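Notes follow the structure.
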Amino acid sequence: MKIAISSDHGGNNLRKEIMSLLDELAISYEDFGPQTDDSVDYPDYARPVAERVAAGEFDRGILICGTGIGISIAANKFKGIRCALVHDVFSAKATRCHNDSNILAMGERVIGPGLAREIVATWLNTEFEGGRHIRRVEKITEIEEG
């Protein structure tokens with residue numbers, strides 16, 4: 001599995017924590033920044049992750065901002081992206097099982113690093129159930145295609 005990860009300035013610390021977890025789990029990733037704590041615009045950091053996941057260059061992506069809201073909205077503007085904003089373990093599992101989410105968004109100002117690590121581990125280790133859920137995910141794709 002190959003992960004694309006990014007944040008804005010409000011998610012820098014949690015992004016570093018999650019990259020540490022990915023190292024521990026021996027999961028390959030590419031960090032799309034930012035490399036400083038200077039204020040940046042979250043759409044600029046959602047874009048490279050969403051584009052590359054949508055293109056199939058990465059299996060999944062992880063995005064973090066202060067609340068996770070803005071960066072998830074930006075990511076979901078890209079065709080083929082199903083970015084889920086998650087702040088609990090149950091939702092992390094459900095969004096993989098039922099929605100086949102391909103990007104996980106979290107908010108550094110909303111959850112702590114311990115819970116974030118648990119959410120990411122659950123999300124990475126949960127497979128899409130398929131079955132009746134395929135029809136629903138396909139309907140999302142139909143909406144995208146207009």
Side-chain angles (χ1 to χ4, degrees), residues 1-37 40-108 110-131 133-134 136-145:
M1 182 180 302
K2 190 173 176 187
I3 303 295
I5 187 168
S6 189
S7 70
D8 70 357
H9 58 283
N12 251 353
N13 294 326
L14 190 56
R15 186 180 93 252
K16 292 172 186 171
E17 182 72 32
I18 298 307
M19 288 189 301
S20 176
L21 172 66
L22 296 173
D23 288 335
E24 292 167 23
L25 297 173
I27 294 176
S28 175
Y29 67 90
E30 186 171 337
D31 176 21
F32 289 91
Q35 302 309 319
T36 71
D37 290 327
V40 297
D41 298 332
Y42 56 80
D44 297 336
Y45 289 87
R47 177 183 292 275
V49 171
E51 287 178 337
R52 285 166 176 83
V53 170
E57 295 174 35
F58 292 86
D59 300 301
R60 297 191 204 161
I62 298 172
L63 294 171
I64 305 164
C65 68
T67 62
I69 297 168
I71 209 160
S72 66
I73 291 171
N76 277 315
K77 297 297 180 185
F78 292 84
K79 184 176 179 179
I81 295 303
R82 292 176 305 282
C83 179
L85 174 57
V86 173
H87 291 128
D88 64 86
V89 175
F90 174 80
S91 297
K93 184 170 183 164
T95 193
R96 284 291 309 135
C97 287
H98 296 180
N99 312 120
D100 197 18
S101 61
N102 52 12
I103 297 182
L104 173 70
M106 296 181 293
E108 180 176 319
V110 179
I111 58 173
L115 178 56
R117 290 172 66 97
E118 190 176 352
I119 287 167
V120 170
T122 298
W123 186 76
L124 291 172
N125 290 310
T126 301
E127 294 299 321
F128 178 49
E129 285 181 3
H133 303 294
I134 292 172
R136 296 164 185 163
V137 171
E138 287 173 346
K139 287 183 177 189
I140 295 170
T141 302
E142 289 173 14
I143 292 168
E144 285 178 335
E145 294 173 353

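Keep in mind that this is a model prediction, so the values were computed, not measured.
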Return the minimal non-hydrogen interatomic distance between [X] and [Y], and the atom names on each side.
| X | Y | value |
| --- | --- | --- |
| Gly80 | Asn102 | O-ND2, 2.9 Å |
| Val49 | Ser6 | CG2-CB, 3.6 Å |
| Val120 | Met106 | CG2-CE, 3.5 Å |
| Cys65 | Gly70 | SG-N, 4.1 Å |
| Ile71 | Ala105 | CG2-CB, 4.3 Å |
| Ala4 | Phe58 | N-CD2, 3.5 Å |

Heavy-atom donor-acceptor pair, [X] side chain to [Y] backbone, under 3.5 Å:
| X | Y | value |
| --- | --- | --- |
| Asp8 | Val40 | no |
| Glu108 | Asn13 | yes |
| Arg60 | Trp123 | yes |
| His133 | Cys97 | no |
| Arg96 | Ser101 | yes |
| Asp41 | Asp44 | no |
| Arg82 | Asp100 | yes |
| Ser72 | Ile69 | yes |

Rounded to the nearest 0.5 Å, how far apart are [atom1] of [X] and [atom2] of [Y]?
| X | Y | atom1 | atom2 | value |
| --- | --- | --- | --- | --- |
| Ile134 | Glu129 | CD1 | CD | 10.5 Å |
| Ile140 | Ile81 | CD1 | CD1 | 12.0 Å |
| Ile62 | Ile5 | CD1 | CD1 | 5.0 Å |
| Glu142 | Glu145 | CD | CD | 7.5 Å |
| Ser7 | Asp31 | OG | CG | 7.5 Å |
| Leu14 | Leu115 | CG | CG | 9.5 Å |

- [ ] Please determine which of Arg15, Lys16, His9 meets the side chain to side chain donor-acceptor pair (under 3.5 Å) test together with Asn12.
- [x]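 Only one option passes, and that is Arg15.
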- [ ] Measure the shortest side-chain to side-chain distance between Glu51 and Glu57 over non-hydrogen atoms and say whether it is less than 4.5 angstrom.
- [x]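 Sidechains of Glu57 and Glu51: no contact.
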- [ ] Begin with the C-alpha distance, continue with both residues' side-chain angles, and end with the deciding distance and a verdict on side-chain contact (heavy atoms from CB on, under 4.5 Å) for Leu124 and Leu22.
- [x] CA-CA 10 Å; Leu124 291 172; Leu22 296 173; 3.7 Å; yes
TODO: Report the C-alpha separation of Leu21 and Glu17 in whole Å, then their side-chain angles, then the decisive distance to 0.1 Å, and conclude whether the side-chain contact (heavy atoms from CB on, under 4.5 Å) test is met.
DONE: CA-CA 6 Å; Leu21 172 66; Glu17 182 72 32; over 6 Å; no
- [ ] Show your reasoning for whether side-chain contact (heavy atoms from CB on, under 4.5 Å) applies to Thr122 and Phe90.
- [x] CA-CA 9 Å; Thr122 298; Phe90 174 80; over 6 Å; no
